[in-house]
Chemist: 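Take this structure first; my questions come after.
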Amino acid sequence: MTEILIIRPQSIQLGDTICSLPMFKALKNKYPDSYITFIGCPTNYNVNLKKLNPYIDEFTIFRKDNIKVVIDFFKNLRKKKYDLIIVPTTIRLSSTSYMIAMLAKGKKKIGFARVDEKKNGLKFVLDVKLETDWVRDGINQVFRFLDSVKPLGCSISIHEIKQMRIGLSDEDIAFGNAYAAANFPDKSKLVFGFHPGGGNNKYIWDVNNYFELIKKSYERYNPYILITSGFLDKEITDKLESKLEEENIPYIYNKDMDAYGLAAVLRHVSVYVTNNTGVMHLAAFTGSNTVSVFLKGDTAEWQPLYNKSKCVESKTDSINSITVDEVFEKITELNF
């Protein structure tokens, strides 16, 4: 059995996690007998990471609550010697990750000596030192993760990536089917989903734009309108609801649903229009068509790869320089 340790305690947000899955699959393809231990950080969303990532055998959370917690973590870490220790770095170099790699016992340690213009002061802990020019070359997050395991001969084709899907249980699928039957009973009608919220204001397209887009879509296609919302999005969705009710546009409001319930529902959506946020990747991972709005310079890095995706990127540093017509045109390109 090949013991593999993956160290990424700085970020395991929903989108990052989904983008990392081809890397884990490539590792399992190369080392089918492997036992993969993943070190991550506490999450701020309601999702079972081991269910989302079926390639992980053991999940350990690195906490810094107090010195005793940290000492106990490293004592447990050093009880095992790993065949491979991998530090996948896709956005920024994390000194915490490389400190953990330094103190862990391993035959071969793989990580990054340089990420674009930033050099790793802890590169001496590595046996395999990688260098990248991801920003310059516009490399997608999925391939950034895969670069971490490329020296091991691990690879996966874009076709195989596009075939990957979230692992939903029979119960999840039954829930999605029941939700669709109750809320989208007319099978001849399209279902348009919209997620107007997100975690960072600079990536959020104005709610008035979403309203105008929904209105335009409703007039053209007369679809079911599904509005999805996370627990941080209430202010945005309240405004959108108010505007839709003023125009007598019927809609279904899906609020604070867990990741697997939402994924089960999104399997029934004809197109999902989103900002650059985690549920965009979740929708892609279900195979749903997505139309996404991106801030200038972000499309190449974050465009979903699992599905048929359409993207609109701002021409300026303001996401709201994207027009409603530009996004609507991408919807029409799906040729319903």
Side-chain angles (χ1 to χ4, degrees), residues 1-112 120 122-123 125-128 130 141-142 144-149 151-152 154 166-167 258-260 278 281-282 285:
M1 182 170 66
T2 305
E3 292 278 3
I4 301 175
L5 177 65
I6 307 291
I7 303 172
R8 193 174 167 84
Q10 75 276 25
S11 177
I12 49 171
Q13 301 302 319
L14 183 59
D16 299 307
T17 300
I18 292 172
C19 288
S20 75
L21 296 177
M23 175 192 73
F24 285 95
K25 182 172 174 58
L27 274 170
K28 281 292 189 181
N29 287 350
K30 175 77 173 180
Y31 303 100
D33 69 334
S34 63
Y35 186 92
I36 297 179
T37 300
F38 179 78
I39 295 175
C41 61
T43 64
N44 61 2
Y45 53 89
N46 179 23
V47 64
N48 181 331
L49 280 174
K50 287 189 73 173
K51 182 177 177 181
L52 184 62
N53 186 338
Y55 311 106
I56 293 176
D57 298 290
E58 184 177 337
F59 178 54
T60 300
I61 295 177
F62 177 65
R63 297 182 182 277
K64 297 181 280 186
D65 300 350
N66 55 59
I67 189 65
K68 183 181 183 303
V69 170
V70 173
I71 290 171
D72 288 345
F73 169 84
F74 282 110
K75 281 183 179 178
N76 289 327
L77 176 69
R78 291 181 59 79
K79 288 178 181 178
K80 183 186 287 188
K81 185 171 183 179
Y82 298 91
D83 298 296
L84 297 170
I85 296 176
I86 302 166
V87 186
T89 302
T90 63
I91 298 175
R92 62 181 179 85
L93 291 161
S94 163
S95 57
T96 300
S97 298
Y98 287 95
M99 285 292 292
I100 294 172
M102 179 172 66
L103 294 171
K105 296 178 181 179
K107 297 177 183 177
K108 181 182 285 188
K109 300 181 180 183
I110 302 169
F112 291 84
N120 186 356
L122 295 173
K123 66 182 180 181
V125 311
L126 301 171
D127 301 299
V128 179
L130 306 173
Q141 280 286 320
V142 168
R144 295 186 188 196
F145 276 106
L146 282 166
D147 280 349
S148 303
V149 297
L152 299 170
C154 299
I166 189 169
D258 73 88
Y260 302 100
H281 295 286
L282 183 67
F285 200 34

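Each residue takes its place number in the sequence, starting with 1.
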Chemist: Salt bridge (charged side-chain N to carboxylate O under 4.0 Å, His left out) with Asp127: which residues, sequence neighbours excluded?
Modeler: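 If we apply the salt bridge (charged side-chain N to carboxylate O under 4.0 Å, His left out) test to Asp127, skipping adjacent residues, there are no hits.
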Chemist: Under a 3.5 Å distance rule, please check whether Arg144 uses its side chain to pair with a backbone N or O of Ile91 as donor and acceptor.
Modeler: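 Here the side-chain-to-backbone pair does not exist.
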Chemist: So, using side-chain contact (heavy atoms from CB on, under 4.5 Å) as the criterion, who are the partners of Lys107 when residues are at least two apart?
Modeler: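 Only Lys81, Asp83 meet the side-chain contact (heavy atoms from CB on, under 4.5 Å) criterion with Lys107.
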Chemist: Considering all heavy atoms of both residues, which atom of Ser148 and which atom of Phe112 are nearest to each other, and what is their separation?
Modeler: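 The answer is OG-CE1, 3.4 Å.
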Chemist: So, for Pro88 and Met23, which heavy atoms are closest and what is the spacing to 0.1 Å?
Modeler: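 So the two residues come closest at CB-SD, 3.9 Å.
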Chemist: Between Val87 and Ala101, which heavy-atom pair has the shortest distance, and what is it?
Modeler: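 Residues Val87 and Ala101, closest heavy atoms: CG2-CB, 3.9 Å.
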Chemist: Residues in side-chain contact (heavy atoms from CB on, under 4.5 Å) with Asp65, at least two apart?
Modeler: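 side-chain contact (heavy atoms from CB on, under 4.5 Å) list for Asp65, sorted by chain: Arg63, Val69.
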Chemist: Run the side-chain contact (heavy atoms from CB on, under 4.5 Å) test against Ile71 and tell me which residues pass, sequence neighbours left out.
Modeler: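 Ile67, Lys75.
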Chemist: Please assess Asp16 against Arg8 for the test side chain to side chain contact (heavy atoms under 4.5 Å, CB included), listing each intermediate value before the final yes or no.
Modeler: CA-CA 11 Å; Asp16 299 307; Arg8 193 174 167 84; 4.2 Å; yes
Chemist: My understanding is that only residues two or more places apart in sequence, or in another chain, count here; which of them pass salt bridge (charged side-chain N to carboxylate O under 4.0 Å, His left out) with Lys68?
Modeler: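 For Lys68, the residues satisfying salt bridge (charged side-chain N to carboxylate O under 4.0 Å, His left out) (neighbours in sequence not counted) are Asp72.
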Chemist: From Thr2 OG1 over to Tyr82 OH, what is the distance, rounded to the nearest 0.5 angstrom?
Modeler: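 Nearest 0.5 Å value for the OG1-OH distance: 14.0 Å.
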Chemist: I'd like to know whether NZ of Lys123 has more than 12 heavy-atom contacts from other residues, nucleotides or ligands below 6.0 angstrom.
Modeler: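 Counting other residues, nucleotides and ligands, NZ of Lys123 stays at 12 neighbours or fewer.
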Chemist: Distance check, rounded to the nearest 0.5 Å: Thr60 atom OG1 versus Asn76 atom CG?
Modeler: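 Atom-to-atom, Thr60:OG1 and Asn76:CG are 8.5 Å apart.
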Chemist: Nearest 0.5 Å, please: how far is OG in Ser20 from OH in Tyr55?
Modeler: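 Those atoms lie 10.5 Å apart.
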Chemist: Give a yes or no answer on whether the side chain of Tyr260 reaches the backbone of Leu52 with a donor-acceptor pair at less than 3.5 Å.
Modeler: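 Present.
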Chemist: Hey, could you give me the CD1/CG distance between Ile6 and Asn53, rounded to the nearest 0.5 Å?
Modeler: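 Going from the CD1 atom of Ile6 to the CG atom of Asn53 covers 9.5 Å.
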Chemist: Name all residues meeting the ring pair (Phe, Tyr, Trp, His ring centres under 6.0 Å) criterion together with Tyr98; count only those two or more places apart in sequence or in a different chain, and write none if there are none.
Modeler: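 Ring pair (Phe, Tyr, Trp, His ring centres under 6.0 Å) list for Tyr98, sorted by chain: empty.
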Chemist: For the residue pair Cys41 and Pro9, what are the closest heavy atoms and their distance?
Modeler: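 Between these two residues, the closest heavy atoms are CB-O, 2.9 Å.
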Chemist: Write down the atom of Gln141, the atom of Cys19, and the distance for their closest heavy-atom approach.
Modeler: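 Closest approach of Gln141 to Cys19, heavy atoms only: CB-SG, 3.9 Å.
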Chemist: Sequence neighbours left out, what passes ring pair (Phe, Tyr, Trp, His ring centres under 6.0 Å) with Phe145? Give chain and number order.
Modeler: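 With sequence neighbours excluded, Phe145 shows a ring pair (Phe, Tyr, Trp, His ring centres under 6.0 Å) to no residue whatsoever.
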Chemist: Taking atom CZ of Arg92 and atom OG of Ser97, what is their separation to the nearest 0.5 Å?
Modeler: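 Going from the CZ atom of Arg92 to the OG atom of Ser97 covers 7.5 Å.
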Chemist: Applying salt bridge (Lys or Arg N to Asp or Glu O under 4.0 Å) as the test, list every pair that has at least one member in residues 25-37; sequence neighbours left out.
Modeler: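 Of all non-adjacent pairs touching residues 25-37, those that pass salt bridge (Lys or Arg N to Asp or Glu O under 4.0 Å) are Lys25-Glu160, Lys28-Asp57.
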Chemist: Does Phe73 have any ring pair (Phe, Tyr, Trp, His ring centres under 6.0 Å) partners at least two apart in sequence or in another chain, and if so, which?
Modeler: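 Phe73 satisfies ring pair (Phe, Tyr, Trp, His ring centres under 6.0 Å) with Phe62 once adjacent residues are dropped.
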Chemist: Do Leu5 and Lys80 have side-chain heavy atoms sitting under 4.5 Å apart?
Modeler: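 Not touching, per the 4.5 Å side-chain cut-off.
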Chemist: How would you list, by chain and number, every residue that makes a salt bridge (charged side-chain N to carboxylate O under 4.0 Å, His left out) with Lys109, sequence neighbours excluded?
Modeler: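 Listed in chain order: nothing, the list is empty.
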Chemist: To the nearest 0.5 Å, how far apart are CZ in Phe24 and CG in Leu146?
Modeler: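 Nearest 0.5 Å value for the CZ-CG distance: 11.0 Å.
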Chemist: Please evaluate residues Thr17 and His281 with respect to the criterion side chain to side chain contact (heavy atoms under 4.5 Å, CB included), reporting the C-alpha separation (whole Å), side-chain torsions for both, the decisive distance (0.1 Å), and the verdict.
Modeler: CA-CA 9 Å; Thr17 300; His281 295 286; over 6 Å; no
Chemist: List in chain and number order the residues that pass salt bridge (charged side-chain N to carboxylate O under 4.0 Å, His left out) with Lys105, two or more places apart in sequence or in another chain; answer none if no residue qualifies.
Modeler: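 None.
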Chemist: Please determine whether side chain to side chain contact (heavy atoms under 4.5 Å, CB included) holds for the pair Leu152 and Ile86, giving the CA-CA distance in whole Å, both sets of side-chain angles, and the decisive distance to 0.1 Å.
Modeler: CA-CA 10 Å; Leu152 299 170; Ile86 302 166; 4.0 Å; yes
Chemist: Give the minimum heavy-atom separation between Tyr31 and Cys154, together with the two atoms involved.
Modeler: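 Shortest heavy-atom contact: CE1-SG, 4.1 Å.
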Chemist: Checking Val128 now: which residues fulfil side-chain contact (heavy atoms from CB on, under 4.5 Å) with it, not counting sequence neighbours?
Modeler: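 Counting only residues at least two positions away or on another chain, Val128 forms a side-chain contact (heavy atoms from CB on, under 4.5 Å) with Lys108, Ile110, Leu130, Pro151.
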Chemist: Taking side chain as C-beta onward, heavy atoms only, is Ile4 less than 4.5 Å from Leu27?
Modeler: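 Counting from C-beta outward, Ile4 and Leu27 do come under 4.5 Å.
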